[in-house]
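Let me begin by presenting the structure, written as structure tokens, before commenting on it.
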Amino acid sequence: MALLNLKKRPSKTATVSPELESFLKGYSIEVMPRTAKKISSFKEILPKDTRVYIAHLEGTPIKDMVATARRVAREGYPVMPHLPARIIKDQVTLKDWLNQYRGEADVDQALLLAGGVAKPHGDFESSMQLLETGLFDQMGFNRLHVAGHPEGNKDIDPDGSTKNVQEALLWKQKFSERTDADMALATQFTFEAAAVIKWVDNVKAAGIDIPIHIGIAGPAKLQMLIKFAFACGVGASIKVLQKRAMDVTKLLLPYEPTQVLTDLANHKAKNPDFNITNVHFFPLGGIKKNAIWTIENGGSSGVPADNTQGT
């Protein structure tokens, strides 16, 4: 029995604008080992070639990460595991992890980030230190994504400025220019298009042209999103959620990212040089729910990889 009974083009896509459909082309999505176990077949919910990030939370054994990467790769999807610098003890550990990903799951891409850990477990504090090891190039990791923060990051800039975040972006830009790495900025999720547009324009004005994959929270209960937003340090755009929570007619309705994505898609259509090239979903309300919403709204033309019908 198929996991989801999805037609080739769900009826909702008939009303989707071509701008939104184009903007969602090539989107990616994030899973964790424990959430991936709940999915019997990714082919039944994700379009072909959808990049699947695997989040590595503190305490998750590397064997579980590699097993998840192997399983997703075997279903035919490009896999991008997280490598959080602050939970990697040393260069020996990093090399061992990369060896396992390459040897057991044929992974050749990774998202490098500091990681949400206050005290580093060992030698690394930042993604830049991971890049400086040279191991990724040596071991055939050709695509490297790094973190972007449209609304700043108080862990990096405790004073509320964007000074350290901006310096890190400039360093990553120079790294992309002096290496052959295929890079992108994968950002924290956000809820307001205006704030994103301003940030993207400012990044470009600073001479940073690394393609941006904008982080978007998938459909979820409003209360859950507000909780995650505070925990992840999402800044000004959280006001969008708070305003929605004050409207009793919307309080109990699930949040969907239709408005923010439509606004960004329309802006991209009018400004082709706008440097958001892809959408990356954080499925905070569940992978299946996010996948259904994306397909219904034209993501990769609304077609899951396995288009067979349930019985």
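Counting from 1, the numbers follow the sequence of the chain as shown. Only heavy atoms go into these numbers, but all of them, side chains included; no hydrogens, no water, no symmetry mates.
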Side chain to side chain contact (heavy atoms under 4.5 Å, CB included) between Asp182 and Asn142, worked out: CA-CA 6 Å; Asp182 190 357; Asn142 303 313; 5.7 Å; no
Heavy-atom pair of closest approach, residues Leu261 and Leu20: CB-CD1, 3.9 Å
Pairwise side-chain contact, Phe124 with Leu112, heavy-atom cut-off 4.5 Å (strictly under): no
Ile287 and Phe281, any side-chain heavy atoms less than 4.5 Å apart: no
Nearest heavy atoms of Ser40 and Glu44, plus distance in Å: OG-OE1, 4.0 Å
Any side-chain donor near an acceptor of the partner, Glu30 and His280, under 3.5 Å: yes
Gly218 versus Pro257, closest heavy-atom pair with distance: C-CD, 4.4 Å
Within-4.5 Å side-chain heavy-atom neighbours: Met128 and Val146: no
CG-CZ distance between Leu144 and Phe175, expressed to the nearest 0.5 angstrom: 6.5 Å
Nearest atoms (heavy-atom pairs only) where Gln166 meets Ala206: NE2-CB, 3.2 Å
Any donor-acceptor pair under 3.5 Å from Ser22 side chain to Pro18 backbone: no
Side-chain donor/acceptor of Thr68 to backbone N/O of Asp64, under 3.5 Å: yes
Path from Leu46 to Ile216 over hydrophobic side-chain contacts below 4.5 Å: yes
Cluster check Val260, Leu24: I/L/V/M/F/W/Y, side chain < 4.5 angstrom: yes
His213 side chain to Tyr27 side chain, donor-acceptor N/O pair below 3.5 angstrom: no
Neighbour count >12 (heavy atoms, 6.0 Å) for atom CZ, Arg102: yes
Validation row, ring centre Trp97 to ring centre Tyr101 under 6.0 Å: no
Step-by-step side chain to side chain contact (heavy atoms under 4.5 Å, CB included) determination, Ile45 to Ile295: CA-CA 8 Å; Ile45 61 172; Ile295 288 173; 5.6 Å; no
Between NZ on residue Lys95 and CG on residue Asn99, distance to nearest 0.5 Å: 6.5 Å
Worked check of side chain to side chain contact (heavy atoms under 4.5 Å, CB included) between Leu170 and Ile208: CA-CA 7 Å; Leu170 289 169; Ile208 299 162; 3.9 Å; yes
Min side-chain heavy-atom separation Met183-Ser176 under 4.5 Å: yes
Thr60 side-chain N/O to Leu57 backbone N/O, donor-acceptor pair under 3.5 Å: yes
Leu98 side chain near Leu83 side chain, heavy-atom distance below 4.5 Å: yes
No-hydrogen, no-angle side-chain donor-acceptor test under 3.5 Å, Asn290 and Thr294: yes
Over 12 foreign heavy atoms within 6.0 Å of CG, Asp137: no
Donor-acceptor pair, side chain of Lys48 and main chain of Pro304, under 3.5 angstrom: no
Validation row: Ser28, Met80 side chains within 4.5 angstrom (heavy atoms): no
Under 3.5 Å donor-acceptor, Lys25 side chain and Gly299 backbone: no
Joint cluster assignment, Leu131 & Leu113, ILVMFWY side-chain distance < 4.5 Å: no
Pair Asp96-Thr93, side chain to side chain donor-acceptor pair (under 3.5 Å): steps then yes or no: CA-CA 5 Å; Asp96 174 57; Thr93 302; over 6 Å; no
Interatomic distance, Thr190 atom OG1 to His149 atom NE2 [nearest 0.5 angstrom]: 12.5 Å
Thr262 side chain to Thr258 backbone, donor-acceptor under 3.5 Å: yes
Pairing of Glu75 and Arg71 as salt bridge, 4.0 angstrom limit: yes
Distance (rounded to the nearest 0.5 Å) between Gln138 CD and Thr133 OG1: 7.5 Å
Student check: side-chain heavy atoms of Glu58 and His121 closer than 4.5 Å: yes
Stepwise side chain to side chain contact (heavy atoms under 4.5 Å, CB included) check, Glu192 with Lys198: CA-CA 11 Å; Glu192 184 182 42; Lys198 181 179 180 180; over 6 Å; no
Rounded distance [0.5 Å steps], OG in Ser17 versus CZ in Phe23: 11.0 Å
Distance, nearest 0.5 Å, that separates OG1 of Thr35 from CD1 of Ile54: 9.5 Å
Distance-minimising heavy-atom pair for Ala186 and Leu111: CB-CD1, 4.1 Å
Val72 to Phe42 - nearest heavy-atom pair and separation: CG2-CE1, 3.9 Å
Side-chain donor or acceptor of Asp90 paired with backbone N/O of Val92 under 3.5 Å: yes
Whether Arg86 side chain and Glu125 backbone form a donor-acceptor pair below 3.5 Å: yes
Single-linkage hydrophobic cluster Phe189~Trp293, side-chain heavy atoms < 4.5 angstrom: yes
Parallel, tilted or perpendicular, as decided by the 30° and 60° cut-offs, for the rings of Tyr53 and His145: tilted
Flag for Gln173-Asp209: side-chain donor and acceptor within less than 3.5 Å: yes
Same apolar cluster (I L V M F W Y, side chains within < 4.5 Å links), Phe191/Trp199: yes
Side-chain (Thr187) to main-chain (Gly215) donor-acceptor, under 3.5 angstrom: yes
Non-hydrogen side-chain atoms of Ser127 and Lys172 separated by less than 4.5 Å: yes
